[in-house]
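Below you'll find the structure, written out as structure tokens, and then a few comments.
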Amino acid sequence: MSDLQLVLTEDGSHTLYNPRLNEHYHSTHGALQESMHVFIEAGLKEVCKQTNTVHILEIGFGTGLNCMLTLEHSMLESIRMEYTALEPCPLKPEMLDALNHPSLRKTQSAHALFRLIHSEEEGDILCTEHFHLCRHKQKLEDFVIAGKHTLIYFDAFAPGVQPELWTAGLFKKLFDSLEPGGILVTYCAKGEVKRNMKAAGFLIERLPGPPGKRE
């Protein structure tokens with residue numbers, strides 16, 4: 001992971017670039033904007049309209065940006081959240097320290113919360129009274145999903161980089177882990193991905209994309 005490069009995106013937030021994969025962790029048009037638009041607005045806020053206890057599964061914890069924003073929402077709205085995250089390749093502490101994600105948030109505790117969610121590569125972290133994080137250093141293919149989830153953040157690298165994660169078989173595994181009416185959100189809108197999701201049982205809704213992306 002030492003070859004990762006820090007990149008400043010168009011909204012002033014950082015992302016990381018992996019030259020070995022020729023892939024960014026977030027949109028270069030705006031890392032923070034993308035996470036807010038795709039995962040928080042289209043996913044988290046939608047399920048929070050229906051329940052005050054949210055069970056989240058994230059595929060691709062990465063920099064922890066989605067988790068930090070979710071934790072903020074939990075604190076602001078006093079909503080209980082159980083957050084399970086998969087990340088087989090956790091980032092090194094020096095790379096996490098270089099990211100400016102907490103500096104861009106208005107909450108005074110943002111830096112402390114960001115450090116907290118990264119305090120363990122694997123295991124349980126009680127972040128607040130309402131927010132419990134469990135991180136697993138495992139691949140989705142090997143992970144046994146326990147219980148049912150209200151919401152899935154599917155934030156793996158793109159299908160061209162990690163095609164094994166975007167198959168109908170793995171989407172069926174995720175579909176079966178959702179509660180009735182549960183939601184899976186992802187930034188990817190490729191035709192093949194949508195077909196695989198439909199084959200797994202999902203109903204697809206196309207939404208306007210974040211800056212730089214049509215849908």
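Below, all heavy atoms of this structure are taken into account, side chains as well, without hydrogens, waters or symmetry copies.
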Minimum-distance pair of heavy atoms, taken over all atoms of Gly62 and Tyr25: CA-CE2, 4.1 Å
Residue pair Met95 / Leu4: nearest heavy atoms and the distance that separates them: CE-O, 3.5 Å
ILVMFWY cluster, Ile145 and Phe154 together (side-chain gap under 4.5 Å): yes
Under 3.5 Å donor-acceptor, Asn196 side chain and Trp166 backbone: yes
Pairwise side-chain contact, Lys45 with Ile40, heavy-atom cut-off 4.5 Å (strictly under): yes
Partners meeting side chain to side chain donor-acceptor pair (under 3.5 Å) with Lys172 (sequence neighbours left out): Asp176
Check: Pro208 main-chain N/O paired with His37 side-chain donor or acceptor under 3.5 Å: yes
Of all pairs that satisfy salt bridge (charged side-chain N to carboxylate O under 4.0 Å, His left out), the ones with a partner from residues 62-73, not counting sequence neighbours: Glu72-Arg105
Hydrophobic cluster membership, Leu207 vs Leu44, 4.5 Å side-chain cutoff: no
4.5 Å side-chain heavy-atom contact, Thr150 and Ile56: no
Side-chain donor or acceptor of His55 paired with backbone N/O of Glu82 under 3.5 Å: no
CE on Met36 to NE2 on His73, rounded to 0.5 Å: 9.0 Å
Taking every non-hydrogen atom, the tightest pair across Met75 and Ser109: CE-OG, 4.1 Å
Residue pair Leu6, Leu99: steps toward the side chain to side chain contact (heavy atoms under 4.5 Å, CB included) verdict: CA-CA 8 Å; Leu6 196 68; Leu99 293 166; 3.8 Å; yes
Student check: side-chain heavy atoms of Leu57 and Leu174 closer than 4.5 Å: yes
From Phe114 atom CZ to Ser103 atom OG, the distance as rounded to the nearest 0.5 Å: 9.5 Å
Any residue meeting side chain to side chain contact (heavy atoms under 4.5 Å, CB included) with Lys190, in chain and number order, not counting sequence neighbours: Pro159, Cys188, Val193
Path from Leu165 to Ile204 over hydrophobic side-chain contacts below 4.5 Å: yes
Spacing of CZ belonging to Arg135 relative to OG1 belonging to Thr84, to within rounding of 0.5 Å: 12.0 Å
From CG (Asn66) to CZ (Phe61), nearest 0.5 Å: 9.0 Å
Close side-chain approach of Val54 to Arg80, heavy-atom, < 4.5 Å: no
Min side-chain heavy-atom separation Val47-Gln50 under 4.5 Å: no
Steps toward ring-ring contact (aromatic ring centres under 6.0 Å, His included) verdict (His26, His101): CA-CA 12 Å; His26 312 90; His101 296 164; 5.7 Å; yes
Note, Gln162 side chain near Glu164 side chain (heavy atom, < 4.5 Å): yes
Note, Met81 side chain near Cys48 side chain (heavy atom, < 4.5 Å): yes
Whether Thr167 side chain and Leu170 backbone form a donor-acceptor pair below 3.5 Å: yes
Salt bridge (charged side-chain N to carboxylate O under 4.0 Å, His left out) partners of residues 116-126, not counting sequence neighbours, each pair once: Glu121-Lys137
Verdict with reasoning, Asp155 to Ile59, per side chain to side chain contact (heavy atoms under 4.5 Å, CB included): CA-CA 6 Å; Asp155 201 14; Ile59 311 303; over 6 Å; no
Contact check, side chains of Met197 and Leu184, non-hydrogen atoms, under 4.5 Å: yes
Exam field: side chain Tyr153 to backbone Val38, donor-acceptor pair closer than 3.5 Å: no
Phe157 with Tyr17, same ILVMFWY side-chain cluster at under 4.5 Å: no
Separation of Ser74 OG from Leu133 CG (nearest 0.5 Å): 11.5 Å
Which atom of Gln138 lies closest to which atom of Asp142, heavy atoms considered: NE2-O, 3.7 Å
Joint hydrophobic cluster, Leu104 plus Leu71, side-chain heavy atoms closer than 4.5 Å: yes
Side chain Lys173, main chain Leu140, donor-acceptor under 3.5 Å: yes
Side-chain donor/acceptor of Asn18 to backbone N/O of Glu23, under 3.5 Å: no
Approximate separation, where rounding is to 0.5 Å, of Leu65 CG and Thr15 OG1: 8.5 Å
Stepwise side chain to side chain contact (heavy atoms under 4.5 Å, CB included) check, Tyr83 with Thr70: CA-CA 9 Å; Tyr83 198 111; Thr70 303; 3.9 Å; yes
Whether over 12 other heavy atoms sit under 6.0 Å from Lys213 NZ: yes
Selection residues 193-203 - residue pairs positive for salt bridge (charged side-chain N to carboxylate O under 4.0 Å, His left out), sequence neighbours left out: Lys194-Glu215
Donor on one side chain, acceptor on other, Thr63 and His118, under 3.5 Å: no
Results of side chain to side chain contact (heavy atoms under 4.5 Å, CB included) for Asp11 - residues two or more places apart only: Thr9, Ser13, Leu32, Gln33
Nearest heavy-atom neighbours spanning Ile117 and Ile125: O-CD1, 3.8 Å
Nearest heavy-atom neighbours spanning Glu58 and Gly60: OE2-O, 3.5 Å
Over 12 non-hydrogen atoms of neighbours within 6.0 angstrom of CD in Glu129: no
